[in-house]
Amino acid sequence: MFILYRYLAKAIALPTLAVTAVALALFSTTRFIRLLERAVENGIGSEVFTVLLLNMPAYLAEVLPLGLYLGVILGIGKLYSENEITAMISSGVPNRVLYIGVLVPAAVTTLILWAIMLWLAPLSSSKADEMWRILAAQTSYDLIQTGEFNDIDKNGKILYVEGQSDQGDLSGLFFGDPARMQFIWSNSATLIQNQDDKARYFRFNQGIQFIGVPGSGGGSNNGNANANNNSNSSRSTFESQSIQISSPQPQGKPNKAHLMTNAELLAQDTRWNITELIYRLLFPLIALVLAILGLAFARTKPRQGRFTMVLPAIIAYSVYTVMLSGSIRPVYRSQAPYFTAMWWVHLLFLALAGLIILWPQLTFRLRRTR
C-alpha cells in the first residue's frame, strides 16, 4: 500500500507545485505593481523588492489552497481518465486508499498553512511594514543629486541644489512649482516633517520668492507692458519659508492585527484581534475541505476529458472563498458573534463534497430499490 500512497502523492504534488508557482507569480505581480506605485510616490528605490519578498509568505498562504485544489483535480483526474483508478479498484484496492492518498497531502498542506499564518506571515509582514515605514519616513536627502534638477514629488515640483553638507543641510537652492507658478532662490534649506500629520516640508532660509510667469518682470516697473505683467506677479524676500512637498497622511491608525504575533493578539484583547486569531486558526482548514472537494470533481468517466470539471470546480472554489470572507467580515465589524466565523462554511462544502462523491452510490441503491 505504501507504493500506492507514494504514487498518489506524486500525482498530486507535481500539478500542485506547478499551479501554486503560477498563481503565486500572478498574485505577487499584481501586488508588486501596487508597491511600485506607492514606491514612486514615496521616493523608494530598489528596496521595494525586499518588501515584496518579505510579503511573499502571506501571498503563499493565499494561493496554496488553490494550488492543492487544482492539483488534486488534475492529478487524480488524469488517473481517472487513463483508467488507473478503475484498475486499482478492480484489483481489490479499497476506496479508502484513494481517500487517504488525497488526505495526507491535504493534512501536510494544512500544517504548512498553520505554520505560515500563525508564525511566518505575521513575522515577515511586520518586518516588511516596518521597513516600508522607515523608507517612507526617511528624508529624501539620499535621493537628491547636487548639480542636477531633482523631481521631488509626483506633481512636478523641482529642486536644484548646489551643495549638501554631511548633516543633510542644502545650500544654493532653486525651487520651482510650475503648477502654482512659484519659484524660490534660497541660500540654504532643511527638510522637516510635521509630527502630527507626517507631512514633509522644505524650510528655505534667506531667499527670494517669485510668483508669476517667468520673464514678466516682477521686480521692476518699466513701461506700461511691464506694469500690466506686474499686476499678475510678485517678488519678495524672506528670512524663512516652508513649502509642503508631500500630502498629510490620513488620520486614524490603520489596523495592524495581521502584523501582530499570536501573543500580542491575546495580550490586546480587542474584538479585531480575537477575530484575527480565529481567522488564522480556521482558514487553514480550507486545505482539507478543498482536497475532498477536488477529489469529488476529479472523478470523470473514461470518455470525458481531464479538464471537464475544472470550470465547475473553479466556480465552487470562488463561492467557497466568498462565503468564507462573508462569514468572517461581520465578526470583524462586531456585527456577528464569534461562533459564526467560517466553521459552518467549511462543514457546508465538506458536506457538498461528500454528496458529490457518494451520489453515484446513492442513485444506484435507489434504482435497485425500485
Side-chain angles (χ1 to χ4, degrees), residues 1-26 63-113 284-321 346-370:
M1 292 298 179
F2 178 76
I3 296 177
L4 287 178
Y5 291 142
R6 188 173 61 181
Y7 183 70
L8 292 173
K10 182 179 179 181
I12 295 172
L14 293 179
T16 296
L17 293 176
V19 173
T20 301
V22 173
L24 183 61
L26 294 175
V63 302
L64 186 56
L66 176 62
L68 174 68
Y69 182 51
L70 293 179
V72 171
I73 294 174
L74 297 177
I76 301 301
K78 178 182 178 181
L79 299 182
Y80 268 110
S81 63
E82 295 177 356
N83 295 321
E84 294 188 45
I85 299 296
T86 304
M88 290 170 51
I89 302 301
S90 301
S91 301
V93 178
N95 287 328
R96 68 172 181 273
V97 173
L98 178 60
Y99 300 149
I100 294 174
V102 171
L103 288 176
V104 169
V108 172
T109 304
T110 302
L111 293 177
I112 293 174
L113 286 174
L285 296 176
I286 191 176
L288 291 171
V289 179
L290 285 178
I292 301 174
L293 189 62
L295 179 60
F297 282 113
R299 179 178 294 175
T300 57
K301 297 179 181 179
R303 294 184 179 275
Q304 289 181 330
R306 291 173 52 190
F307 308 101
T308 303
M309 300 300 294
V310 171
L311 180 58
I314 293 296
I315 295 175
Y317 173 82
S318 301
V319 175
Y320 187 13
T321 53
H346 290 315
L347 289 181
L348 177 63
F349 278 84
L350 184 63
L352 175 63
L355 179 62
I356 296 175
I357 292 174
L358 298 176
W359 184 253
Q361 300 179 18
L362 294 176
T363 55
F364 178 74
R365 292 181 180 180
L366 287 175
R367 287 197 299 267
R368 288 189 59 184
T369 56
R370 293 179 183 178

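Every value quoted in this text rests on a predicted model; they were computed, and no experiment measured them. Side chains included, hydrogens not; waters and symmetry mates left out as well; all remaining heavy atoms used. Numbers for residues simply follow the sequence, beginning at 1.
Counted within 6.0 Å of CD1 on I3, heavy atoms from surrounding residues, nucleotides or ligands total 12 or fewer; the atom is thus considered open.
Residues that satisfy the side chain to side chain contact (heavy atoms under 4.5 Å, CB included) test with A23, not counting sequence neighbours, are V63. Every residue meeting the side chain to side chain contact (heavy atoms under 4.5 Å, CB included) condition with I89, not counting sequence neighbours, appears here in chain and number order: I85, N95. Listed by chain and residue number, L64, L68, L113, A287 satisfy the side chain to side chain contact (heavy atoms under 4.5 Å, CB included) test with T109 (two or more places apart in sequence, or in another chain).
Taking the six-membered ring where tryptophan is involved, the planes of Y69 and Y317 are essentially parallel, since the angle between them stays under 30° and well short of 60°. Ring geometry, Y320 versus F349: the interplanar angle falls under 30°, so the pair is classed parallel (tilted spans 30 to 60°).
Looking at I76 and L8, their side chains come closer than 4.5 Å, going by heavy atoms from C-beta outward. The shortest side-chain heavy-atom distance between I286 and T110 does not fall under the 4.5 Å cut-off. Here the side chains of V97 and P94 are in contact, with some heavy-atom distance below 4.5 Å. Counting heavy atoms from C-beta outward, V93 and L4 have side chains that approach closer than 4.5 Å.
We find the CD1-CG distance between I314 and L66 to be 5.5 Å, quoted to the nearest 0.5 Å. Atom NZ in K78 sits 13.0 Å away from atom CD1 in I12 (nearest 0.5 Å). Rounding to the nearest 0.5 Å places CG of N83 at 5.0 Å from OG1 of T86. Between the CD1 atom in I292 and the CG atom in L288 there is a gap of 6.5 Å [rounded to 0.5 Å]. The OH atom of Y99 sits 6.5 Å away from atom CG of L295, with the distance rounded to the nearest 0.5 Å. Note that CG of L290 is 9.0 Å distant from CG of L70, once rounded to the nearest 0.5 Å.
Closest heavy-atom contact between A291 and A106: CB-CB, 3.4 Å. The two residues T20 and G67 have their closest heavy-atom pair at OG1-CA, 3.4 Å. Closest of all the heavy-atom pairs between L79 and A11 is CD1-CB, 4.3 Å. Closest approach of S318 and T321 over heavy atoms only: O-OG1, 3.0 Å. Of all heavy-atom pairs spanning M309 and F297, the tightest one is CB-O, 3.1 Å. Residues I357 and R299 approach most closely at O-NH1, 2.9 Å, considering heavy atoms.
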